[in-house]
Amino acid sequence: MLNPLYSKPLRFSHINNGQDLDKQDLGASISQYIELIIFTRFGEHRYNPEFGCEIWDMDFELIMSETIWEEKLRQSLLRSISKFENRIYDIDISVNITEINKFYPLRNVSEIKKKVDITIKGKLNKTGETYLFKTALFLSPLSA
């Protein structure tokens, strides 16, 4: 592999033991980078304040219209992924909010949380193969 793709977290103890760092395939590398975009707040990256996603600014917003909120997040992700992840093209993003009733039996408490499902489809520049990424987050406070 000419330019190996290393998986995170980097385990530097492997180097100390004479081993190479763990590697991953292209799809897994792209998925980790997209997760990094999603979980980085604008301005958090010291050397590029434009890197990240708007979800952190939207997390505690009062959601008046779920459709508008979904579209705002979708557009933010599309801009960031198109700008920073150049290994995929023809990107299509779907964002969907649902309410989930979570029951905690030890406390005998039920909680309704908003869940955001994010699906990203595209094509790999290298091969033209279809790329698919899915994740879900819970809002207010944001958690995976």
Side-chain angles (χ1 to χ4, degrees), residues 1-106 111-144:
M1 188 182 282
L2 186 59
N3 291 318
L5 303 169
Y6 296 110
S7 63
K8 67 176 189 182
L10 297 174
R11 305 209 186 278
F12 293 107
S13 61
H14 288 213
I15 295 173
N16 294 338
N17 296 332
Q19 301 169 327
D20 199 5
L21 294 172
D22 295 331
K23 295 178 184 78
Q24 62 188 358
D25 66 14
L26 181 60
S29 176
I30 292 169
S31 294
Q32 283 188 348
Y33 198 68
I34 288 174
E35 283 179 350
L36 188 62
I37 290 171
I38 291 171
F39 288 110
T40 302
R41 182 180 186 155
F42 285 134
E44 184 177 357
H45 189 286
R46 178 184 303 176
Y47 300 104
N48 192 344
E50 294 177 4
F51 184 87
C53 174
E54 196 171 1
I55 194 167
W56 299 99
D57 298 326
M58 299 167 54
D59 185 24
F60 288 100
E61 278 184 6
L62 182 60
I63 300 175
M64 299 302 256
S65 167
E66 288 183 0
T67 306
I68 292 171
W69 194 95
E70 290 168 344
E71 181 60 19
K72 190 175 175 183
L73 176 58
R74 192 187 78 73
Q75 288 293 328
S76 174
L77 286 170
L78 185 59
R79 278 190 305 275
S80 290
I81 293 170
S82 296
K83 184 173 185 174
F84 296 109
E85 181 48 85
N86 57 12
R87 297 175 290 179
I88 57 174
Y89 68 96
D90 199 17
I91 301 166
D92 181 45
I93 299 175
S94 167
V95 176
N96 186 30
I97 296 178
T98 54
E99 287 187 351
I100 302 293
N101 188 359
K102 292 184 83 171
F103 180 71
Y104 300 96
L106 293 176
E111 211 176 67
I112 296 177
K113 297 201 59 129
K114 291 201 180 284
K115 178 182 171 194
V116 179
D117 291 298
I118 300 171
T119 303
I120 299 169
K121 297 176 188 171
K123 302 228 185 259
L124 299 176
N125 281 338
K126 201 170 193 176
T127 63
E129 293 176 84
T130 300
Y131 168 78
L132 179 65
F133 171 86
K134 290 184 177 189
T135 192
L137 310 167
F138 290 98
L139 297 177
S140 302
L142 190 62
S143 59

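Numbering starts at 1 and runs along the sequence shown. Bear in mind the structure is a predicted one, so any value in this text is a computation, not a measurement.
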F84 vs F51 aromatic rings, parallel, tilted or perpendicular, using cut-offs 30° and 60°? perpendicular
Between F133 and Y131, how do the two ring planes meet: parallel, tilted or perpendicular, split at 30° and 60°? parallel
Could you report the tightest heavy-atom contact between [X] and [Y], atom names first, then the distance?
{"X": "I91", "Y": "I93", "value": "CG2-CG1, 3.9 Å"}
{"X": "W69", "Y": "I97", "value": "CE3-CD1, 3.3 Å"}
{"X": "D25", "Y": "A28", "value": "OD1-N, 2.8 Å"}

Residue list, salt bridge (Lys or Arg N to Asp or Glu O under 4.0 Å) with E70, at least two apart or on another chain: none
Once salt bridge (Lys or Arg N to Asp or Glu O under 4.0 Å) is applied, do any residues pair with E50, and if so which ones, sequence neighbours excluded? K83
Going by the rule ring-ring contact (aromatic ring centres under 6.0 Å, His included), which residues pair with F42 if we only count those two or more places apart in sequence or in a different chain? none
Tell me, please, which residues at least two apart from Y89 pass ring-ring contact (aromatic ring centres under 6.0 Å, His included). none
Using 0.5 Å steps for rounding, measure from the [atom1] atom of [X] to the [atom2] atom of [Y].
{"X": "E85", "Y": "I34", "atom1": "CD", "atom2": "CD1", "answer": "6.0 Å"}
{"X": "I37", "Y": "I55", "atom1": "CD1", "atom2": "CD1", "answer": "13.5 Å"}
{"X": "L137", "Y": "K115", "atom1": "CG", "atom2": "NZ", "answer": "10.0 Å"}
{"X": "L36", "Y": "S31", "atom1": "CG", "atom2": "OG", "answer": "12.5 Å"}
{"X": "L73", "Y": "E54", "atom1": "CG", "atom2": "CD", "answer": "8.0 Å"}
{"X": "I120", "Y": "I81", "atom1": "CD1", "atom2": "CD1", "answer": "3.5 Å"}

Flag side-chain contact, heavy atom, 4.5 Å: I118 against K134: no
Do the non-hydrogen side-chain atoms of T98 and N96 ever get within less than 4.5 Å of each other? yes
Run the side-chain hydrogen bond (donor to acceptor under 3.5 Å, both in side chains) test against N101 and tell me which residues pass, sequence neighbours left out. S110
Start with the C-alpha distance between L124 and I88, add both sets of side-chain angles, then the distance that settles side-chain contact (heavy atoms from CB on, under 4.5 Å), and finish with yes or no. CA-CA 5 Å; L124 299 176; I88 57 174; 3.9 Å; yes
Answer yes or no: is there a donor N or O on one side and an acceptor on the other, between the side chain of S76 and the main chain of K72, under 3.5 Å? no
Is the number of heavy atoms from other residues, nucleotides or ligands under 6.0 Å of I68 CD1 greater than 12? no
Side chain to side chain contact (heavy atoms under 4.5 Å, CB included) partners of T67, counting only residues at least two apart: S65
